[in-house]
Amino acid sequence: MTTLYGVWRKRWWAVIAAWLVCLIGWAFVATIPNSYTSSARILVDTGSVLQSEMGISDTGRSLNVVRQTLTSRLNLEKVLRRAELDVGLDSDAEVDQAIQTLSDNISLNSQSGNLFTISYTASDPERSDTENANLARIVVDNLLQIFMEENVTSDRDDINEAIRFFEDQLAQRERELEAAEQRRAEFEERYLGQLSGSGNLSERLRAARDELAGVELELAQAQRSLGALQSQIGSTPSTMGGGGGKYAVNSPARARAEAMQQQISDLYAQGKLDDHPDVVLAKRQLERLEEQARQEEAEMQAEGTGAPAPSSNPVYVNLRSMVFDRQSTVAALAARRDRLRSNIAEIEGNLEQSPGISAEQAKLNRDYGVLKSQYENLLKSREEIRLQSDVQTQTQQVRFSVVDPPSQPREPTAPNRPLFLSVVFVAGAGIGLAIAFLTSQLNGGFITANQLEAEYETPVLGSISEIVGDDERSANRLRLAGMLVLSFGLVAIWGALLLYELI
């Protein structure tokens, strides 16, 4: 209670301080310029059905496109000129400051998916409220126009730059590839006698040895077949009839025997030897047919239906023809074997004389292969970029839809004057009470006898009450009335200001 009484005694300090703080604060709030904000909403639809089929993705690109378009210095300079904000700017520093101010007052928000809100806040104290409101709408309108203009050509420029890059790289790789081909040609010309065929010397030596092994196997098979045919032709008569006991009669058994003889010749031609089961079985059948044929011919001779007449044996003629073929085959294989042996000896000699030739040739071939692969990959990438360029040229990749056009501000969006006025009023009242409390504590007097006794630790015998006369009471009433008038006047002014701002 004593603290409250002390503050009450210094009530005039509180009232005066509250008035000073409120008047200064309200005057400052009144000087804050109004801010007007214009906003617009746009829908950015990226990609098309054809681009999706071509695999041209655009994930997360739309927001980056919007931000880059809006915040680039070039576009902000365009807005500055179109909105006539560069009037009166004489130096580059002033232009930079105007661009920075313009950038700070632009905001971009992504609401959902590809829906964006672009807004601009104008609060130039040198302009009227109407001019600031119009300026906010003009800036947002120009931002939309530049956004739509710039992005129509930005993708085309990127693709053209990529195509130029690939063409430069292709030209460089083509020159390197031609140089590699020239080095290979010079190397092959220098070692013409040692580089016959493809691949390096070690690879060709290995291939020649494999081929020689195959030729030797074929030659052995042909020689065995030739030996079998020569053995068969030695036991086959060249003629039929006459002293050989054969008759030129049309005996059925003789015809079957000749057919069997032809079958045996075919078995020998296939490389089968005398101990082969098919050859053994055929010979047994041939013996039975020969015996049957002699009996039939004897009977026909006894009856006088046939006369002996010598004739050439067709089996012998056929065997001779097959022998000639096998001899030609054996000779060809032998010549091929000799040629391969000669080539192998030559390659082995080259390897011994020039061991570094193979390694150098392998290096040239490897370098050439790497350059050729890089060239083909670059060529493929360039064609893919060109195809994408054709797709994006004939289809609109980014489509813009203005959902809400730039709004015309009717009321200021800032400052919140009712809030600021109330904060100043509360601050003034609090500062006034704080000053009254401090002055009461610094006064050094005592309000009650208990305070005096506690301070000096001396018992107080008694106290005398203040005697107030009629004149003093009238003066106190006037002072109280003045304080109440000032206090309620301050509250009334605060209320009037709030009412003015809210209406």
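The figures here come from the full heavy-atom set of this structure, side chains too, leaving out hydrogens, waters and symmetry mates.
The shortest non-hydrogen separation linking A334 to L219 is N-CD1, 4.0 Å. Of all non-hydrogen atoms in V140 and I118, the two that sit nearest each other are CG1-O, 4.0 Å. Across every non-hydrogen atom of A136 and Y36, the tightest pair is CB-O, 3.5 Å. Residue P406 comes nearest to A40 through the heavy atom pair N-CB, 3.8 Å, listed as atom of the first residue, atom of the second, then distance. S123 and P33 get closest at one heavy-atom pair: O-CG, 4.0 Å.
Considering only heavy atoms from C-beta on, L85 comes within 4.5 Å of L135 through its side chain. Using a 4.5 Å cut-off on side-chain heavy atoms (C-beta onward), S35 and P412 make no contact. The shortest distance between side-chain heavy atoms of R288 and R284 falls below 4.5 Å. For the pair T117/L108, no side-chain contact is recorded, criterion being any heavy-atom separation below 4.5 Å from C-beta on. Within the 4.5 Å cutoff, no side-chain heavy atoms of V330 are placed close to those of Q327. At least one side-chain heavy atom of Q145 sits less than 4.5 Å from a side-chain heavy atom of N142.
The side-chain hydrogen bond (donor to acceptor under 3.5 Å, both in side chains) test applied to D168 returns no partner, not counting sequence neighbours. Among residues two or more places apart in sequence or in another chain, the side-chain hydrogen bond (donor to acceptor under 3.5 Å, both in side chains) test is passed with E501 by none. Partners of R366 according to the side chain to side chain contact (heavy atoms under 4.5 Å, CB included) rule, which considers only residues two or more places apart in sequence or in another chain, are K363. Every residue two or more places apart in sequence or in another chain that forms a salt bridge (charged side-chain N to carboxylate O under 4.0 Å, His left out) with E167 is listed here: R386. Among residues two or more places apart in sequence or in another chain, the salt bridge (charged side-chain N to carboxylate O under 4.0 Å, His left out) test is passed with R339 by none. Evaluation of the salt bridge (charged side-chain N to carboxylate O under 4.0 Å, His left out) rule for K380 yields no partner, not counting sequence neighbours. Among residues two or more places apart in sequence or in another chain, the side chain to side chain contact (heavy atoms under 4.5 Å, CB included) test is passed with Q172 by Q169, R175, E176. In this view, R209 and E348 satisfy the salt bridge (charged side-chain N to carboxylate O under 4.0 Å, His left out) rule, not counting sequence neighbours. Take F420 and apply the side chain to side chain contact (heavy atoms under 4.5 Å, CB included) test, not counting sequence neighbours, and it matches V29, I32, P415. Residues passing the side-chain hydrogen bond (donor to acceptor under 3.5 Å, both in side chains) test with Y120, sequence neighbours excluded: none.
Checking L43, I42, V403, N109 one by one against F116, the side-chain contact (heavy atoms from CB on, under 4.5 Å) holds for a single residue, I42. When each of R336, R337, R206 is checked for a side-chain hydrogen bond (donor to acceptor under 3.5 Å, both in side chains) with E211, only R336 meets the rule.
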Checklist entry - Given Q182 and E178, is the side chain to side chain contact (heavy atoms under 4.5 Å, CB included) satisfied, shown in steps? => result CA-CA 6 Å; Q182 182 65 26; E178 291 176 354; over 6 Å; no
Next on the checklist: For N105 and V139: C-alpha separation, side-chain torsions, deciding distance, then whether side chain to side chain contact (heavy atoms under 4.5 Å, CB included) applies.
Outcome noted: CA-CA 10 Å; N105 293 328; V139 169; over 6 Å; no
Checklist entry - What do the steps show when you test L170 against E174 for side chain to side chain contact (heavy atoms under 4.5 Å, CB included), and what is the final call? => result CA-CA 6 Å; L170 280 171; E174 187 175 0; 5.9 Å; no
Item to check | Stepwise side chain to side chain contact (heavy atoms under 4.5 Å, CB included) check, E376 with L379 | outcome: CA-CA 5 Å; E376 291 176 351; L379 187 63; 5.6 Å; no
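Judged purely by atom type and a 3.5 angstrom limit, T31 uses its side chain to pair as donor or acceptor with the backbone of F28. T101 places a side-chain N or O within 3.5 Å of a backbone atom of Q97 that can act as its donor or acceptor partner. A donor-acceptor pair under 3.5 Å is absent between the side-chain atoms of S103 and the main chain of I99, judged by distance alone. At least one donor-acceptor pair closer than 3.5 Å links the side chain of S422 to the backbone N or O of P418.
Within 6.0 Å of NZ on K283 lie more than 12 heavy atoms contributed by other residues, nucleotides or ligands.
One finds the CG atom of L177 at 8.0 Å from the NZ atom of K372 (value rounded to the nearest 0.5 Å). Atom CG of D141 is separated from atom CD1 of I146 by 10.0 Å, given to the nearest 0.5 angstrom. With values rounded to the nearest 0.5 angstrom, E291 atom CD is found 4.5 Å from R294 atom CZ. Put simply, CG on L80 and CG on N75 are 12.5 Å apart, with the number rounded to the nearest 0.5 Å.
Sorted by first and then second residue, the pairs that involve residues 84-97 and meet salt bridge (Lys or Arg N to Asp or Glu O under 4.0 Å), not counting sequence neighbours, are R73-D96. The list of side chain to side chain donor-acceptor pair (under 3.5 Å) pairs with a residue in residues 406-420, not counting sequence neighbours, reads N34-R417, T37-T413, N134-Q408, R137-Q408.
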